[in-house]
Structures are given as C-alpha cells and as structure tokens.
2 protein chains.
Amino acid sequence: MTAHASQGAKPRKTPVQSRSRVTVDAIFEATIQVLLSEGMTRLTTTRVSERAGVSVGTMYQYFPNKQALIIALNARYLNALAERVEATCARMAGQPAAEMVSALIETYWTAKTERADLTQALYRSVAALDNNVLMQDFATRVGAATMSMFRQTSDLPPQDATEINLTLTTVIYGAVRNAFERELGMEQITALKASLIDMCCAWLISFQHRTQMTA
Amino acid sequence: MTAHASQGAKPRKTPVQSRSRVTVDAIFEATIQVLLSEGMTRLTTTRVSERAGVSVGTMYQYFPNKQALIIALNARYLNALAERVEATCARMAGQPAAEMVSALIETYWTAKTERADLTQALYRSVAALDNNVLMQDFATRVGAATMSMFRQTSDLPPQDATEINLTLTTVIYGAVRNAFERELGMEQITALKASLIDMCCAWLISFQHRTQMTA
DNA sequence: GGAGTATATGAAGAAAAGCTCATATTTTGG
DNA sequence: CCAAAATATGAGCTTTTCTTCATATACTCC
C-alpha cells in the first residue's frame, strides 16, 4: 500500500512510539471537534493542531495535507462502521430475510444515531472532498458482506441475492442518510425506522410471492 | 449597506436592465461549469467570473460573497425541481396511491438523471455549505405538495397521509441520491428504479391490508 | 550514559482566495 | 441630447491558509 499514494493521501510517518499514537488520536479528536464547532469551511490545519494541543509541524508529520487528514478520519469512521455491519451480517447468516433486514437497519441506524452530530459533520466533510474513493470502497466492502448474508437466507432463492442486495442497501443507506439530513423529532425518527423496516419486509414478501409463482 | 441580511446571503442588487440579467445568467452557468470541471474546493470567485467573461467586481455586484452564489445557484435548481414535483402531484391527485408513487419516482428520477453530473456537483456544493436551510425549505415545500396529493388517493385512508408522506419521501429522495453516489451502470440504475417503485407499492399494499383489518 | 532514532516545535515564506473601490462605460427617461 | 441611474472594470489591498525546515526535546536500547 506504500506504492501509488494517489494524491498524497497517505500518512507521512506511521507512529511507532506510544506518545505519537496519543498525538495522532488527539489530532483526530480535535478534527472532529473543530468540524462540529466551526464547520468544514473553517477547518484549518492551524485550528486543528491548536485544538489538539500540538504544533502544526507535528500534524504535518503524520498527515501530508489537510485532505489527507479528512480522508484518514473518514476512513477510520467508515472502517468501524463496516466492521459493525459485517458482524451483523455474520450473525444473521441463515436467518429469514426479514430478520436480516431488520437487524441491518438496526445496526446502521444505531451507528448513525449514537453520535448524530458527528455523523452529519462527516457526511459534509466527505462531500467537500472532490475525489471520493472512500464511499466507493465502503460500498464495495459492505456490499460483499450483505451479499453473502442474503445468499444464505432460509427463505429466499440465492439467485436473487444480487438484486435484493443492491436494492436493499441503496434504499437503507439512502433513507437513513436522508432521515438525518432533515432535522426530525424523536417520534418521527422512530416511526420512520419502523416504516423503513416494514417497507423492506413488504417488498421481500412480494418477492417471495413472485418467485413462488414462477417456480 | 442595507439592513444586515442574515448572513449576507441576499443578492446585493437585483438586475433591472436586460444586460445585467444576461450577466447573472452567465455567472450561474459559469459556476456550474467550474463546479463540474474543477470541483467545489477549486471554485473561486476569480475563476467563476473569468469563465463567465465578466470581472470579479461585477460578480460582487450581485452576490455579496461566494457562499451567496452557491446558495443562489442551488435555490434556483431546487426551485425548478420543486415545480416539477408539484406539477406531478397536481396531476396525480385522485389517482390510486401506487400510480402516485410511480409518477413521483419517475419525476424525481428523471430530473436527476437528465444531468447526472450537475446533480452530483450540486449535491456536493450544498454539502460544503455549513448552514443548510435550503434543503430544509425544499423538503417543506415539496412535502406539502406530496402530502396534499396523498390525502387525495382513491385507495388509502387520508388519516395515514402523514406517515405515508414522511416515509415515502424519505425513502425516495434518499434512495435516489444514494443511487447517484455509487457509480452504477445503466442496467443497474434501471433495475434499481423498478425495484424502488415495487418496494414502495408493496408497502402501500401491506398498509391497505392493515387498515382494512382494523376497519 | 550516550548514540541514534523518533517526535515535537513554531516562526516565517509562499500561495491563494476574498473582496473593495475609484473609475469608466452603457442605458434609460425625459 | 443630456443628466442620472445602472452596470462593468480590474488592479491591488487584506486576510487567510498551507506548508516547510532548522532546531530542540524525548525516547530506546545497548
């Protein structure tokens, strides 16, 4: 992974001592705080390092530029999210499709809700990036996990897994994100989640009916 | 200066002569082009005015700052989109809910697909804005139109209109956006649209069943 | 303890972007 | 045709931001 480093997106140095690991963590934390309090446009290297309690030079020792910092932060977050989704997928293997959908939405929703402000801040920070391999990679990685899960339902033909996977993931990720962008009250959010689950399940059932007919 | 407009988001001057209207249009067009060719981070007042073939000063005569320009551009786009959705809603009043959903998705989808690159560029440009009343206003406006439409279905109880409206709009807008963010091939896009319509309809049917039972 | 490596510092140069204003040109209306 | 209003200009001032580098401090391990 040291080779192609497309746009200087790689860390300059990798921390080896414990204090530097602390430093890098502090920088990430500071980035989040600045993102939340000042917004993406006012996020500068100086502000971040100030907040982190380190000098600008230190920051540049680990991140070759601002973009790399944002990318790294998002990569970190997306990685954690992917791990959780993967865990859910593994856990639900072999279950009925409706259970899978429900668990998937629950996982995704919870991960986003835990820190709603951060979720939104990160959404915006990635959008500010011109290049966007991150989301693409995330989609591929998580797509593989859900795909393998849907192939192992107890109540759906495996040959439909591709269509099911594409549709469900698109709808779920999209709806969740949109739900966050509107600023809704708690009751609406909760109702929305329930409806989303219902909707996905209703579609799956209609799917089963169709395949039964053709069978 | 006039009364301190909220965040300087208002146009400084409103064009009255025809040549100035041409100028403003050119600025909007240039903004789009720069957005597409250079991306949001490299979009600067200088670059935009250069592309528009006017001087920077001229730009600042109509837009007090860069943010105002982006806001105005998006407002313009969202207004056009809202009008189309409103037209569809008006046209579909009294029809079966499934027809409504289908028409709504079709309208939204077409509007986005017509200029997919622009759609994506605008998504990013708004996201880069720290403050975001635009989307909120759009959601409210379009929400009113769809709400009124769903209240007039031939096959659904009007008291469920609120839940139906919130759920469907969230799912549709979210899914459409997500579909654009992944870079999918034509066949996948088409399949996705069909599935989305199916899914919404399946949910509506399940909804009808439930309300029939309680009735 | 000391040589060598890792990490931290922050003043300062360079680049970029935002924005203004004094001046010039065009249009309008009487 | 002329004065007032509208519109256009763009050099250049200001502010912000990025980034580097020479130097200093801390750690590791023999």
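Note: hydrogens, waters and symmetry copies are ignored here, and every other heavy atom, side chains too, is used. Proteins get letters first, then strands, A, B, ... in listed order; numbering begins at 1 in each.
For residues 133-152 of chain B, there are no ring-ring contact (aromatic ring centres under 6.0 Å, His included) pairs, not counting sequence neighbours.
Looking at residues 27-51 of chain A, you'll see that no heavy atom sits under 4.0 Å from any atom of DNA chain C.
Distance CD1 (B:Ile70) to P (C:dA17): 14 Å, rounded to an integer number of Å. Between the P atom of D:dC18 and the NZ atom of A:Lys66 lies a distance of 5 Å, rounded to the nearest Å. Residue A:Arg21 contributes atom CZ, which lies 17 Å from atom C1' of C:dA8 at whole-angstrom precision. Between the OH atom of A:Tyr60 and the P atom of D:dT17 there is a distance of 12 Å, rounded to whole Å.
Qualifying side chain to side chain donor-acceptor pair (under 3.5 Å) partners for B:Thr190, counting only residues two or more places apart in sequence or in other chains: none. Legend: residues meeting ring-ring contact (aromatic ring centres under 6.0 Å, His included) with A:Phe28, ordered by chain and number and at least two apart, are A:Phe63. Remark: A:Tyr108 pairs with A:Tyr173 by the ring-ring contact (aromatic ring centres under 6.0 Å, His included) rule, at least two apart or across chains. Residues satisfying the ring-ring contact (aromatic ring centres under 6.0 Å, His included) test with B:Phe180, not counting sequence neighbours, are none. Partners of B:Ala128 by side-chain contact (heavy atoms from CB on, under 4.5 Å), not counting sequence neighbours, listed by chain and number: B:Met40.
The pair A:Glu106-A:Lys193 meets the salt-bridge criterion, with a side-chain N (NZ, NE, NH1 or NH2) lying under 4.0 Å from an Asp/Glu carboxylate O.
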Only pairs under 3.5 Å count here: list side-chain donor-acceptor contacts from residues 74-81 of chain B, not counting sequence neighbours, and write none if there are none.
residue	atom	partner	partner atom	Å
B:Asn74	ND2	B:Ile70	O	3.0
B:Asn74	ND2	B:Ser125	OG	3.1
B:Arg76	NH2	B:Asp25	OD1	2.7
B:Asn79	OD1	B:Arg141	NH1	2.6

Output a table of nitrogen or oxygen pairs between the protein and nucleotides 7-9 of chain D separated by less than 3.5 Å.
residue	atom	partner	partner atom	Å
D:dT7	OP1	B:Val16	N	2.9
D:dT7	OP1	B:Gln17	N	2.9
D:dT7	OP1	B:Ser20	OG	2.9
D:dT7	O4'	B:Arg19	NH2	3.2
D:dA8	OP1	B:Thr23	OG1	2.5
D:dA8	OP2	B:Tyr62	OH	2.9
D:dA8	N7	B:Gln61	OE1	3.1
D:dT9	OP2	B:Ser55	N	3.0
D:dT9	OP2	B:Thr58	OG1	3.1

